[in-house]
Trainee: 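Just passing along the structure, written as C-alpha cells.
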Amino acid sequence: MVFVKKHLVLIVNIVLILAILGGIGFILVKSYNRAQSKNQDTTPTVVSTIDETPTETEVVHTIGIVQRSDVPNCNSIYQGFIAELAANGYVNQNNINIDYVLREDSNECKAAIQRFIDDDYDLIFTIGPYCTKLAASMTTDIPIVFGAIEEPEQEAFIESNEAPGGNVTGVSDYTPCFEQIDSIKLMFPDTKKIGAIYFATDANSVTQAIIGEKEAQTEQVNIPYSKYPVKEKEELNSTLETMLEDGVEVIYAPVDSFIYKNI
C-alpha cells in the first residue's frame, strides 16, 4: 500500500514537473511568436518608408504684375491673364504667387518694378506702354510679357513682331486703324473732313492718330484729316468746339482710355 502511494506521489510529481516545463515552454514559444509577429507587423512600415520615392518639392513661381491705368480695357487684360493662368493650372494650386500692383503714380510703378527685380521674380507682366518701357529699361534678365500696346515694334520694345528677341514679348492690342478710316469712306462717302481726338501723352493713341492720318491721305480714301491732341480733361470741350469750327464732320477716337473716360 505504501509502495503504491510512493509511486503515485512520484507519478504526480513527474506530471507536475512536465506540466511546469510544458507551461514554461509554451510561454517561451508564445513570447517568441509574439515578438516575431510584432517584428513582422512593423517591418513593412519601415521598408515602405525607406523604399518610397520621395515626393519632389513643387516649384513655386512668382509673377509681378504692374498696371498704371485703372481703366476697363487694362483691367480686362489683367483678368484675362489670370483666367488663362487658371486654365493652365497655375492659380489656386499653391504653385504660384501673384503680386499685382495698380498705381497711377509713375514713381510707385517704378518702385514696384524695382522690387520685382530685387526679389528675383520669375516673370514681370506689364500692362500698358509706360510700365513696359520702364521694366524693359530696368532689367534684361527677367522675362517681361506685355499687354495693351498698339505697336510694340514701333515702340522699340521688341526687335520685330515675328522675332521679338531679348527678354520682352507680349500681345498687341492693335486697332485696325486702316479699316476704320476705310469704313468712314464707305459709310460717309461725302465726308469733307475727319478729326482725330486723342490724349497727347498716350503713345498708343498718338500712333493710332498717325496711322489714321496716313490712311486718310491715300488715293483710295482721300479725305482731309486733322489731329487734335488733348493734354488734360479741361481741354476737351474747347477742343471739340474747335473741331466743329474747323469743319470736322466725322470724329475719329482711337482706342484711348483718357478720351473714353472723360469725353
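Reckoned from all heavy atoms, side chains included, excluding hydrogens, waters and symmetry mates. Everything numeric here is computed off the predicted structure, so don't read it as measured data.
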Trainee: Any side-chain heavy atom of Lys231 within less than 4.5 Å of one from Thr201?
Mentor: no
Trainee: So do Ile96 and Ile63 actually touch side chain to side chain, heavy atoms under 4.5 Å?
Mentor: yes
Trainee: For the residue pair Ile127 and Ala148, what are the closest heavy atoms and their distance?
Mentor: CG2-CB, 4.2 Å
Trainee: So, do Arg103 and Gln67 sit near enough that their side-chain heavy atoms are less than 4.5 Å apart?
Mentor: no
Trainee: Quick one: side-chain hydrogen bond (donor to acceptor under 3.5 Å, both in side chains) partners of Arg115, sequence neighbours excluded?
Mentor: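 Arg115: side-chain hydrogen bond (donor to acceptor under 3.5 Å, both in side chains) contacts with Asp99, Tyr121.
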Trainee: Just checking, any donor-acceptor pair under 3.5 angstrom between side chains of Asp141 and Asn167?
Mentor: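 Their side chains do not contain a donor-acceptor pair, so the 3.5 Å distance test is not met.
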Trainee: Do Lys110 and Asn107 touch side chain to side chain, with heavy atoms closer than 4.5 Å?
Mentor: no
Trainee: Classify the ring geometry between Tyr90 and His61 as parallel (under 30°), tilted (30 to 60°) or perpendicular (over 60°).
Mentor: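 Plane angle over 60°, so perpendicular.
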Trainee: With a 4.5 Å cut-off on side-chain heavy atoms, are Glu155 and Thr207 touching?
Mentor: yes
Trainee: Under 3.5 Å, is there a donor-acceptor pair between the Tyr252 and Gln208 side chains?
Mentor: no
Trainee: Would a 4.5 Å heavy-atom cut-off, applied to side chains only, mark Phe116 and Met138 as touching?
Mentor: no
Trainee: Side chains of Asn237 and Glu241: do they bring a donor and an acceptor to under 3.5 Å?
Mentor: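 Not at all, the side chains of Asn237 and Glu241 share no donor-acceptor pair under 3.5 Å.
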Trainee: Who are the side-chain hydrogen bond (donor to acceptor under 3.5 Å, both in side chains) partners of Tyr228, not counting sequence neighbours?
Mentor: Asp246
Trainee: Atom OG1 in Thr191, atom CD1 in Ile223: separation rounded to 0.5 Å?
Mentor: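 Interatomic distance, Thr191 OG1 to Ile223 CD1, rounded to 0.5 Å: 5.0 Å.
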Trainee: List in chain and number order the residues that pass side-chain contact (heavy atoms from CB on, under 4.5 Å) with Ser205, two or more places apart in sequence or in another chain; answer none if no residue qualifies.
Mentor: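 side-chain contact (heavy atoms from CB on, under 4.5 Å) check on Ser205 returns Tyr198, Asp202, Asp256.
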Trainee: If we only count heavy atoms from C-beta on, is the Val230 to Ile197 side-chain gap below 4.5 Å?
Mentor: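 Of all side-chain heavy-atom pairs linking Ile197 with Val230, at least one is under 4.5 Å.
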